[in-house]
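See structure below.
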Number of protein chains: 2
Amino acid sequence: MDVQIDLILKRNQLSVTGSRMKILELFLESKGALAHGDIEKRTGEKFDRVTVYRTLQIFLEKGIIHNIPTSDNSVRYALCTNDCSEGHHHDNHVHFVCSACSNTTCLADVMVPSVKLPVGFSPEESQMVVTGICKDCK
Amino acid sequence: MDVQIDLILKRNQLSVTGSRMKILELFLESKGALAHGDIEKRTGEKFDRVTVYRTLQIFLEKGIIHNIPTSDNSVRYALCTNDCSEGHHHDNHVHFVCSACSNTTCLADVMVPSVKLPVGFSPEESQMVVTGICKDCK
DNA sequence: AAAGTTATGCAACTTTGTTGCAAATTATTT
DNA sequence: AAATAATTTGCAACAAAGTTGCATAACTTT
Ligand SMILES: [Mn+2]
Ligand SMILES: [Mn+2]
Ligand SMILES: [Zn+2]
Ligand SMILES: [Zn+2]
C-alpha cells in the first residue's frame, strides 16, 4: 500500500508528504467518493483545513482524483481509475448516489451514453449521475 | 407577463409578493439557468440575500424551478417546463453547460437516456450534464 | 550534511448559507 | 373599506466554506 502511494505521488511529480500520503490512502481505502468534510473527519483533525483544500486541488489537477457533479452544493471526489493525466481526465463513467446511505459510487463499468444534441451544440464531455438505492442498502 | 406570474404563484398557493414576482420574472425572461448570485445582481440589490435564498428554496419545493447538477460547487436553477408539482419534479432532460460563455441551457427536447446498472443498484432518477460549446458561441 | 526547493500551518479575510425575531406586507374576514 | 389573521421580509448575528500571504517546517537534491 505504502509503495503504491509513493509511486502515484512520484509519478505525478509531487513531493511525498504526510498529508498527501494520508489523503491518498483514504481514497485508496474508500470504496465511494469523499467530500472535503469526510477527509477532515477521517484524518482526525491532523491537518489544517487549508492543506486539505490544497491537496485536493493538486490531486484534481494532476488527474489523481476527479470530481462528481451533484445537485446540492456538495463537492465530492473519487480516485481516477487509471490513465488520467495532468489536465486530461478520462473518467467517463456513470456515478451513483444512494438516497439511503448517501454514498457515491463510481460505476466504472458503466459508460456515459452519448446523446443527440440540437443543432449548434457541440459536446466536449458528458457526465451522468444516477440516484437510487445502492447494492449495500437494498 | 404579470398575469402569468400571478397565475404561477397562486397556482402554487404562494402569496404574491414583490420579491417572488421579480425573481419569477427573471426566470421567465432568462433563457438559461440562474445562480443565486445572478439573481442578486439582476434584482439590483433590491432584496435581502436571505429573501432570495428563501424564495429559491420555496420555488424549488413547489416545483416551479429545478436545480442543475454541476461539477464545481455552484448551484444553478432553471424554470421547470411544466407539470412539476410539490415534491415531484419531472424535468428529466439533459443540461448543457457552455465552456465559453458558461451559460447553462435546459435541453428540454433531449431526454436523459437510461443505462443498465450493475446488479443490486436500483435507479430512481438520472441526471445528465453535457459541457461543450453552445449554439450562441460556435 | 547543507543548500535549495516546496509544502504546511497560522492568521486574517471573503463568500456563502442559516436562524430567530420584530416589523411590514399580504390575505382573509367582518 | 377597515380590522384581523396569517405570512413574509429585513436585520442582526452567526456558522460554514473557501481563499490568500507569509514565515516556518518538511522534503529533495547536491
Ligand atoms: Mn468516478
Ligand atoms: Mn432544466
Ligand atoms: Zn446505499
Ligand atoms: Zn456559450
Side-chain angles (χ1 to χ4, degrees), chain A residues 2-3 5-27 33-62 64-65 67-77 86 102, chain B residues 2-3 5-26 33-62 64-65 67-77 86 102 104:
Chain A
D2 279 8
V3 184
I5 289 169
D6 222 73
L7 209 74
I8 294 173
L9 292 175
K10 283 187 177 144
R11 175 166 18 109
N12 289 281
Q13 290 131 40
L14 291 174
S15 44
V16 180
T17 67
S19 54
R20 287 174 183 172
M21 285 194 292
K22 182 65 194 168
I23 292 173
L24 187 48
E25 189 184 13
L26 284 181
F27 277 109
L34 297 172
H36 176 97
D38 297 325
I39 292 163
E40 278 198 281
K41 272 171 219 146
R42 300 199 199 180
T43 49
E45 297 168 7
K46 208 178 160 194
F47 306 107
D48 194 84
R49 219 154 41 85
V50 178
T51 303
V52 177
Y53 279 116
R54 290 198 269 225
T55 304
L56 290 172
Q57 181 59 41
I58 205 157
F59 280 8
L60 205 55
E61 284 168 12
K62 290 291 185 177
I64 299 174
I65 58 176
N67 59 10
I68 294 162
T70 49
S71 283
D72 53 10
N73 55 343
S74 70
V75 189
R76 302 206 172 181
Y77 306 90
E86 188 140 8
S102 84
Chain B
D2 280 7
V3 184
I5 289 169
D6 221 76
L7 210 74
I8 294 173
L9 291 175
K10 283 186 177 145
R11 174 167 18 108
N12 289 281
Q13 290 132 40
L14 291 174
S15 43
V16 180
T17 68
S19 55
R20 286 174 184 172
M21 285 193 293
K22 183 65 193 168
I23 292 173
L24 187 47
E25 189 183 12
L26 285 181
L34 298 172
H36 176 97
D38 298 324
I39 292 163
E40 277 198 281
K41 272 171 220 146
R42 299 199 200 181
T43 50
E45 298 168 7
K46 208 178 159 195
F47 306 107
D48 194 86
R49 220 154 41 85
V50 179
T51 302
V52 177
Y53 278 116
R54 291 197 270 226
T55 304
L56 290 173
Q57 181 59 42
I58 204 158
F59 280 6
L60 205 56
E61 285 168 12
K62 291 290 186 177
I64 298 174
I65 58 176
N67 58 11
I68 294 162
T70 48
S71 282
D72 53 11
N73 55 343
S74 70
V75 189
R76 302 206 172 179
Y77 305 89
E86 187 141 9
S102 83
T104 302

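Just so it is clear: chains get the letters A, B, ... in the order the sequence lines come, proteins before strands, and each one is counted from 1.
Atom CD in A:E61 sits roughly 15 Å away from atom C1' in C:dT6 (whole-Å rounding). Straight-line distance from the CD atom of A:Q13 to the C1' atom of D:dT29: 15 Å, rounded to whole Å. Following rounding to the nearest Å, B:R49 (CZ) and C:dT14 (P) show an atom-to-atom distance of 14 Å. Rounding to whole angstrom units, CG of residue B:D48 and C1' of C:dA22 are separated by 14 Å. Here the P atom of nucleotide C:dT15 and the CG atom of B:D72 are 17 Å apart, to the nearest Å. Whole-Å rounding puts the B:I5 CD1 to C:dT26 C1' distance at 17 Å.
With hydrogens and angles left out, the side chain of B:R54 and the base of C:dG17 share no donor-acceptor pair within 3.5 Å.
Relative to the side chain of A:T51, the nucleotides C:dG17, C:dG9, D:dG18 differ in distance, and C:dG9 lies closest.
Along DNA chain D, the nucleotide nearest to A:Q57 and the one nearest to A:K10 differ in position, and the one closer to the 5' end is contacted by A:Q57.
Remark: A:S15, A:V16, A:T17 in residues 14-22 of chain A come within less than 4.0 Å of DNA chain D through at least one heavy atom.
Here A:N73 reaches the OP1 or OP2 of C:dG17: one of its side-chain N or O atoms lies under 4.0 Å away.
Under a 4.0 Å N-O distance rule, the pair A:R42/A:D38 does not qualify as a salt bridge.
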